[in-house]
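For the single chain, residues carry numbers from 1 onward in sequence order.
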Amino acid sequence: MIEEYDIIVVGGGHAGCEAAAAAAKIGAEVLLITIDMTKIAQMSCNPAMGGIAKGQILREIDALGGFSGIVTDESMIQFRMLNKSKGPAVWSPRAQCDRDLFTKRWRLILENIDNLDIWQDKVSELLIKNERVYGVRTKMGVSFHSKAVILTTGTFEEGEIYVGRYRTKGGRMAEPYSTGISRQLKSVGIHSGRMKTGTPARIDGRTIDFDILEEQKGDNEIRRFSFTETTIPEIQRSCYITYTNKDVHEILKEGFEESPIYNGTIKGIGPRYCPSIETKIITFAGKEHHQLFLEPEGWETNEYYINGFSSSLPLQVQFKALRKIKGLENARIYRPGYAIEYDYYPPEQLKLSLESRIIDSLYFAGQVNGTTGYEEAGAQGIIAGINAARKIKYDEPVVLKRDEAYIGVLIDDLISKGVDEPYRMFTSRAEYRILLRQDNADMRLTPIGIQIGMIEKKRENTFYEKIARRKEIIKFIEEYSLVPEKINSYLIRQNTTPIKQKIKLRDILLRPEISIQEIKDIIEEIKVFTKEGKYYDKELMESIEVEIKYEGYIERERMLAEKVKRLNGIRIAEEIEYEDFKSISTEARQKLNRIKPETIGQALRIPGVSPSDINILLLYMGR
């Protein structure tokens, strides 16, 4: 049996789903191969989407025409906007989701996309000839041919699971691992490494004493991740906060000798920013307690996830320690926490399009590139899917710049800097974060989605209607004048100086104490711009207010971005032999040779490459 496709996506996780959907939307004939169709887009760790910087990524995926934001909205059980007390550059939406509903909604979407087939099987071999991939062979012996392959196998490549001394092969608990591909890729010159991640025990909510715990409710106002009019819940489920203590720490220490992380069994690098409870106790030895979040797994289940208690200690130690935590004295567990070690492929071996520099038409996305997190995986998936589909049409790849998207920062970091631990996105990684806000993701990226064929006509019309509305509101704000008798009572209530003469509405909005949401109730004329039933109106007003209040900062970042853009516009020929440049430092020559930067801007961002090294390159290029 040999089937022909344009693109084959290997792996049905978050990266694989976005990759398959994107390639098919653009018009490619796509096959998604997954080990288990009931686990499509499985939330392997905590049942949540978004968070610091991750929420921005989700909105960017949606703005490009992806589906993670839509699925998050339609499976949401709680919403919170993080960092609301800080500046809008770091406001980050986060949602708890119903784990089962999330998977079912993704599967429903995939099964109804034209040009997209799904095959349940395990890929055992890539078909490669003359340094070009042309298909895959599965464990059942089925061959599928294609013009491109996207590898999104997550933690399944040579995956090994650990609970104390217990050790088994697996990609997730009770799920088979994948073997063959990793060994094959090594044989054709693709380097690999080992990483590890982990997950906590899941507990039965009926055995939790919620009455003595701190309740964490969702925001009163539920926001959408998608810029479309998705269905969002009318009610929410609460999370709960508790803490470890000295007794818990002492019990956990008893199991350190049997911990695969500390007895040397696990060699892989773990995530610094999402450490196991064992790592926290060692790293923060003087700290007497650590905060834990009890997160519900869905609407119709008693299962709770213990955020902050990831562990690979023996089952008995985990159980004994859990029962010393406030509120969990009688807790029963559904399954223990565990660590998983797996193969990844250092991303410096990729082009900015996420295509391999070693094997033509082979793309990598997700945890196989050394990242961690559903959002980072989905972001890579949508870009890999878009670029694989564009390559078979002989179109230029889509490469988002660092001032265009967090997705651009993510991919540029991976390729230019590499990873020495599982990569997690933070707002601090983005040097232009006031430009990359969660509220303006559609303004930044939907035009690109429209241009490449990812946005359907109805959504395109809605987007341009929103732009027109935005221009009208800004024009009104800039031209409308307020008189003292109309506004002063409100200004006094807000503890800000009353006015003595006419003043433009825009100048009033510059004051930090003034909110456009409140002032619009005073100004009758502005209500004409908030049409009945337009779900984006409040967010649109908020976004306009941010643009006005932070205009100076925004302009400064735009100017900086323009300077860097000039360097990004200077392309470097692939055939340059950096070893010939003896006046460039040895470290710089080695890194330039390994990464093969595509532009001068990318070369400058490689750690170890100095400005003087760049000057030598520019002289060689006659610039």
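A donor-acceptor pair under 3.5 Å is formed between the side chain of Tyr374 and the backbone N or O of Cys45. Between the side chain of Arg59 and the main chain of Gln56, no donor-acceptor pair closer than 3.5 Å is present. Remark: side-chain polar atoms of Gln42 are not paired, donor with acceptor, to backbone N or O of Lys39 under 3.5 angstrom. A donor-acceptor pair under 3.5 Å links the side-chain atoms of Arg390 to the main chain of Glu396, judged by distance alone. Checking side-chain atoms of Asp613 against main-chain N and O of Ser610 turns up a donor-acceptor pair under 3.5 Å. Side chain of Lys25 to main chain of Gly65: a donor-acceptor pair is present (N/O by atom type, distance under 3.5 Å, no hydrogens or angles). Lys280 places a side-chain N or O within 3.5 Å of a backbone atom of Gly308 that can act as its donor or acceptor partner. One N or O on the side chain of Thr152 and one on the backbone of Gly11 form a donor-acceptor pair closer than 3.5 Å. For the pair Arg137 (side chain) and Glu125 (backbone), a donor-acceptor distance under 3.5 Å is absent. The backbone N or O of Leu313 sits nowhere less than 3.5 Å from a side-chain atom of Ser259 that would complete a donor-acceptor pair.
For the residue pair Glu4 and Ser146, no side-chain donor N or O sits within less than 3.5 Å of a side-chain acceptor on the partner. Between the side chains of Asn387 and Tyr363, no donor N or O sits under 3.5 Å from an acceptor N or O. There is no side-chain donor-acceptor pair under 3.5 Å between Gln438 and Ser92. Defined by atom type and a distance below 3.5 Å, a donor-acceptor pair is missing between the side-chain atoms of Ser187 and Arg183. With 3.5 Å as the limit, one finds a donor-acceptor pair spanning the side chains of Gln380 and Thr371. In the model, Arg433 has no side-chain atom that pairs as donor or acceptor with a side-chain atom of Thr427 under 3.5 Å. Remark: the Ser182 side chain and the Glu157 side chain contain no N/O donor-acceptor pair separated by less than 3.5 Å.
With a 6.0 Å radius and a threshold of 12 heavy atoms from other residues, nucleotides or ligands, Phe284 has its CZ atom at or below the threshold. Counting non-hydrogen atoms of neighbouring residues, nucleotides and ligands closer than 6.0 angstrom, the CZ atom of Arg132 exceeds 12 such neighbours. Other residues, nucleotides and ligands place no more than 12 heavy atoms under 6.0 Å from the NZ atom of Lys129. For NZ of Lys86, the number of neighbouring non-hydrogen atoms (other residues, nucleotides, ligands) closer than 6.0 Å is 12 at most. More than 12 heavy-atom neighbours from other residues, nucleotides or ligands sit within 6.0 angstrom of NE2 on His145. Within 6.0 Å of atom CD in Gln120, more than 12 heavy atoms from other residues, nucleotides or ligands are found, so the atom counts as buried in its surroundings.
When side chains are defined from C-beta on, Leu32 counts as touching Leu110, because their heavy atoms get closer than 4.5 Å.
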Where do Tyr342 and Tyr177 land on the ring pair (Phe, Tyr, Trp, His ring centres under 6.0 Å) test, with the steps shown first?
CA-CA 9 Å; Tyr342 57 93; Tyr177 73 117; over 10 Å; no
Take Ile600 and Met621, measure what side-chain contact (heavy atoms from CB on, under 4.5 Å) needs, and give me the verdict at the end.
CA-CA 10 Å; Ile600 288 292; Met621 295 168 66; 4.0 Å; yes
Evaluation steps, side-chain contact (heavy atoms from CB on, under 4.5 Å), between Lys391 and Ser361
CA-CA 8 Å; Lys391 177 164 184 175; Ser361 299; 3.7 Å; yes
Is there a side-chain contact (heavy atoms from CB on, under 4.5 Å) between Ile190 and Gln184? Walk through the geometry before answering.
CA-CA 9 Å; Ile190 292 178; Gln184 180 189 11; over 6 Å; no
Before giving the answer on side-chain contact (heavy atoms from CB on, under 4.5 Å), spell out for Leu352 and Val399 the whole-Å C-alpha distance, their side-chain angles and the decisive distance to 0.1 Å.
CA-CA 6 Å; Leu352 288 169; Val399 176; 3.9 Å; yes
Starting from the C-alpha separation in whole Å, work towards a yes-or-no answer on ring pair (Phe, Tyr, Trp, His ring centres under 6.0 Å) for His14 and Phe67.
CA-CA 10 Å; His14 299 262; Phe67 290 100; over 10 Å; no
Go through Phe364 and Tyr345 one step at a time and tell me if the ring pair (Phe, Tyr, Trp, His ring centres under 6.0 Å) criterion holds.
CA-CA 9 Å; Phe364 291 76; Tyr345 310 100; 5.4 Å; yes
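Residues passing the salt bridge (Lys or Arg N to Asp or Glu O under 4.0 Å) test with Asp117, sequence neighbours excluded: none. In this view, Glu160 and Arg167, Lys169, Arg194 satisfy the salt bridge (Lys or Arg N to Asp or Glu O under 4.0 Å) rule, not counting sequence neighbours.
With Trp119 as the partner, the side chain to side chain contact (heavy atoms under 4.5 Å, CB included) test is satisfied by one option alone out of Ile8, Leu31, Val136: Leu31. Exactly one residue among Lys591, Gln590, Arg589 makes a side-chain hydrogen bond (donor to acceptor under 3.5 Å, both in side chains) with Glu587. That residue is Lys591. Evaluated for a salt bridge (Lys or Arg N to Asp or Glu O under 4.0 Å) with Glu375, the options Arg424, Lys54, Arg94 yield exactly one hit, Lys54.
To the nearest 0.5 Å, atom CD1 of residue Ile595 and atom OG of residue Ser416 are 6.5 Å apart. Between atom CD of residue Gln349 and atom CG of residue Asn369 there is a gap of 9.5 Å, rounded to the nearest 0.5 Å. Here the CD1-OG1 distance, from Ile35 to Thr138, works out to 11.5 Å after rounding to the nearest 0.5 Å. Atom CD1 of Ile576 and atom OH of Tyr620 lie 5.0 Å apart (nearest 0.5 Å). Rounded to the nearest 0.5 angstrom, Asp442 CG and Leu64 CG are separated by 11.0 Å.
Using a cutoff of 4.0 Å between basic side-chain nitrogens and carboxylate oxygens, Asp403 and Lys401 are not scored as salt-bridged. Residues Glu341 and Lys196 are not paired through a salt bridge, judged by the lack of any N-O separation under 4.0 Å between the basic side chain and the carboxylate. The residues Asp121 and Lys139 are annotated as not salt-bridged, no charged nitrogen and carboxylate oxygen being separated by less than 4.0 angstrom. Under a 4.0 Å N-O distance rule, the pair Glu431/Arg402 qualifies as a salt bridge. Glu348 has no carboxylate O lying under 4.0 Å from a charged side-chain N of Lys596, or vice versa, which leaves the two without a salt bridge.
The heavy-atom pair separating Ala148 from Ala388 by the smallest distance is CB-CB, 4.3 Å. Closest approach of Ala441 and Ala63 over heavy atoms only: O-CB, 3.4 Å.
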